[in-house]
Amino acid sequence: MIKQLSFITYNMITLKNIRENQDLISKKLKTKNFEVNKIEKLLNKDSDWREGLVLVEKLKEKRNSASKQISILKKENKPADDLISEMKNVSSKIKEIDSKNVELKIEIDNLLLDFPNIPHDSVPLGSDESSNKIIRTWGEKPKFEYEIKSHIEISEKLNLLDFKAGSKISGSGFPVYIKNGAKLERSLINFMLDMHVENGYDEMFPPFLVNSDSMQTTGQMPKFIDDMYQIPKDQLFCIPTAEVPVTNYYRSEQLDESELPVKFAAYSACFRREAGSYGKDTRGLLRLHQFNKVELVKFVHPDNSYNELESLLEDAEKVLQSLGLHYRVIELCTGDLSFSAAKCYDVEVWSPYENKYLEVSSCSNFESFQANRGSIRFRSSKTGKMEFVHTLNGSGVATPRLLIALIENYQQKDGTIKIPKALQRYMNISAIED
RNA sequence: GGAGAGAUGUCUGAGUGGUUUAAGGUGCACGCUUGGAAAGCGUGUGUGGGGGCAACUCCACCGCGGGUUCAAAUCCCGCUCUCUCCGCCA
């Protein structure tokens with residue numbers, strides 16, 4: 001059952017909206033641990049900018065009409081020297097004010113790019129993850145009558161992963177999948193893509209390197225540039241998720257209202273520097289610099305983006321359900337919400353050996369946040385105007401922790417791994433035995 | 001990597017310094033006409049931003065960014081992308 005959520009209609013990080021709803025936005029951004037004095041700073045620059053704008057536009061108006069006069073005078077062979085010399089002064093004044101204004105506007109735009117999205121009214125308040133809410137759990141924790149092994153131990157014994165070779169070739173956090181491990185990884189990707197396509201998503205295979213405009217649209221830049229692998233010579237960045245290229249598929253485009261919602265499922269490798277998280281979850285597949293993920297991205301009508309979020313979440317959950325893995329769904333509180341998200345659910349799969357839930361998916365509604373940054377619009381039949389679509393995405397799902405859960409949950413006493421039914425036709429075997 | 005050609009509104013396409021506030025066509029919307037439709041005729045038709053915040057008005061936008069000029073779609077410089085050819089290459 002999809003629950004219909006209430007939402008405020010003008011919930012947007014735009015200069016105009018901040019100008020007109022300063023108090024409301026300040027209140028909402030505070031819940032996301034945003035330093036709200038930046039709003040004051042922004043609006044001060046904004047009023048300076050607008051002051052200059054009024055001035056310069058009046059001068060431009062004057063110049064435009066004088067230009068027409070000069071043109072007429074010249075055609076009639078009459079002198080226009082006075083007017084020309086007057087306009088010389090006007091023009092230099094315009095240049096002066098304009099350059100100040102451009103500078104101000106760049107400062108304003110840069111400030112604005114650091115503003116996080118506004119949390120949705122339904123998001124629970126809280127400053128950190130301790131205020132997150134458990135929405136539901138599915139399945140049960142499996143019971144083992146023998147001592148269970150970690151995914152690292154099992155995958156070493158069965159020759160599925162080679163962490164040592166990975167560190168030699170690239171460094172830590174770049175595992176090599178071998179033999180049945182490689183096949184299992186490939187099977188999972190195919191299995192998930194097939195499932196989502198069957199559920200109405202269009203498959204997409206995007207580029208793994210993108211430019212800075214793309215990173216800016218989805219919100220990775222400018223703030224999180226240090227989390228990205230960069231190729232400076234070509235000014236390209238390795239994608240941290242397929243969300244980036246897939247969302248940017250429609251950057252600067254106008255969609256037809258009738259074609260909404262547009263839904264994509266895309267596999268990509270994901271690259272994350274994980275700067276600042278050294279020493280945390282470094283074992284095995286828990287936290288990697290490169291991993292595989294199938295991502296779901298939706299472009300939807302603003303009127304029903306919250307219904308679309310619920311169904312996106314369900315589509316991600318189906319992966320774990322089909323594989324028979326116990327998991328829970330968490331609703332993130334305002335303080336734990338990512339920079340770009342207005343609302344977000346995490347799906348966490350159970351790891352028996354780690355004895356905890358591991359995040360395998362994050363399903364978010366970005367509302368118009370990304371669409372505004374990247375100008376992704378449609379013409380509303382209701383208003384006749386161009387409006388921003390709402391974008392959503394969710395992992396469906398990331399493979400490393402899924403692999404951990406699979407290996408650990410399906411391990412047998414004899415050290416083998418059973419293959420869940422849904423995967424058997426991809427693996428062509430029912431168990432990994434040696 | 002080298003050489004050449006190109007980029008104008010929904011599309012097509014004109015425009016090499018000044019009534020271009022971007023012609024003409026096409027598409028779209030409305031009206032007239034018609035028994036109805038087509039054709040024909042007429043009117044309107046982009047995006048973003050600013051000021052009044054309503055009718056209105058001004059500014060910017062001809063791939064992107066600079067420059068020259070009183071004035072740039074138009075001239076100059078740099079860049080991006082597309083196409084053709086050559087080279088290299090899975």
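Keep in mind it's a predicted model, so treat the numbers as computed, not measured. Lettering follows sequence order; numbering is per chain, from 1.
- Ring centroid separation for the pair A:Phe369 and A:His390 does not come in under the 6.0 Å cut-off.
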Q: Using a 4.0 Å cut-off on protein heavy atoms (strictly under), produce a 5'-to-3' string for nucleotides 71-82 of chain B with B for base contact, S for backbone-only sugar-phosphate contact, and - for none.
A: S-----------
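- Comparing A:Val102 and A:Ile72 by the nucleotide of RNA chain B that holds the closest heavy atom to each, the one mapping nearer the 5' end is A:Ile72.
- Classification of the A:His301-A:Phe378 ring pair by plane angle, with boundaries at 30° and 60°, yields tilted.
- Atom pair A:Lys74:NZ and B:rU69:P shows a separation of 14 Å (rounding to whole Å applied).
- One finds no salt bridge joining A:Lys100 and A:Asp48 here, because no Lys/Arg side-chain nitrogen approaches an Asp/Glu carboxylate oxygen to under 4.0 Å.
- Atom name C1', nucleotides B:rC76 and B:rU68: the rounded distance is 7 Å, in whole Å.
- Annotation: B:rG2 and B:rG87 have their P atoms spaced 16 Å apart (nearest Å).
- One atom, CG of A:Asn211, and another, P of B:rC64, lie 16 Å apart when rounded to the nearest Å.
- Remark: A:Asp227 does not engage A:Arg272 in a salt bridge, criterion side-chain N to carboxylate O under 4.0 Å.
- With a cut-off of 3.5 Å on both pairing distances, the Watson-Crick and G-U wobble pairs of RNA chain B assemble into stems of 3 or more at B:1-7 with B:80-86, B:27-32 with B:40-45, B:46-51 with B:56-61, B:63-67 with B:75-79.
- As rounded to whole Å, 17 Å separates atom P of B:rC70 from atom NZ of A:Lys93.
- Under the 4.0 Å criterion applied to side-chain N and carboxylate O atoms, A:Asp315 and A:Lys318 are assigned as salt-bridge partners.
- The gap from the P atom of B:rG31 to that of B:rG24 amounts to 24 Å, rounded to the nearest Å.
- B:rA73 and B:rC88 have their C1' atoms separated by 38 Å, with the value rounded to a whole Å.
- If you measure from atom CD of A:Glu86 to atom P of B:rC70, you get 14 Å, rounded to the nearest angstrom.
- Rounded to whole Å, atom C1' of B:rU21 lies 16 Å from atom CD of A:Gln69.
- Figure legend: A:Lys418 and A:Tyr410 shown without cation-pi pairing, the cationic atom not lying both under 6.0 angstrom from the six-membered ring centre and within 45 degrees of its axis.
- A side chain to side chain contact (heavy atoms under 4.5 Å, CB included) with A:Thr247 is found for exactly one of A:Arg373, A:Glu295, A:Gln370, namely A:Gln370.
- Atom-to-atom distance recorded for A:Cys270:SG and A:Leu288:CG is 10.5 Å, nearest 0.5 angstrom.
- Atom P of B:rU47 sits at a distance of 26 Å from the matching atom of B:rG42, rounded to the whole Å.
- Atom CD1 of residue A:Ile118 and atom NE2 of residue A:His120 lie 11.5 Å apart, to the nearest 0.5 angstrom.
- Between the C1' atoms of B:rG65 and B:rC70, the separation comes to 24 Å (whole Å).
- A:Phe264 has its ring centre less than 6.0 Å from the ring centre of A:Tyr249.
- Residues A:Val397 and A:Ala316 share a closest heavy-atom pair of CG1-O, 4.0 Å.
- Between B:rG27 and B:rC59, the distance separating the two P atoms is 33 Å to the nearest Å.
- With rounding to whole Å, A:Asp98 atom CG is found 10 Å from B:rA60 atom C1'.
- A salt bridge links A:Lys343 to A:Glu331: at least one charged side-chain nitrogen sits closer than 4.0 Å to a carboxylate oxygen.
- Separating the P atom of B:rU21 from that of B:rU33 is a span of 37 Å, rounded to the nearest Å.
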Q | Contact state string [nucleotides 45-59 of chain B, B base, S sugar-phosphate only, - no protein heavy atom under 4.0 Å] | A | -SSSBSS------BB
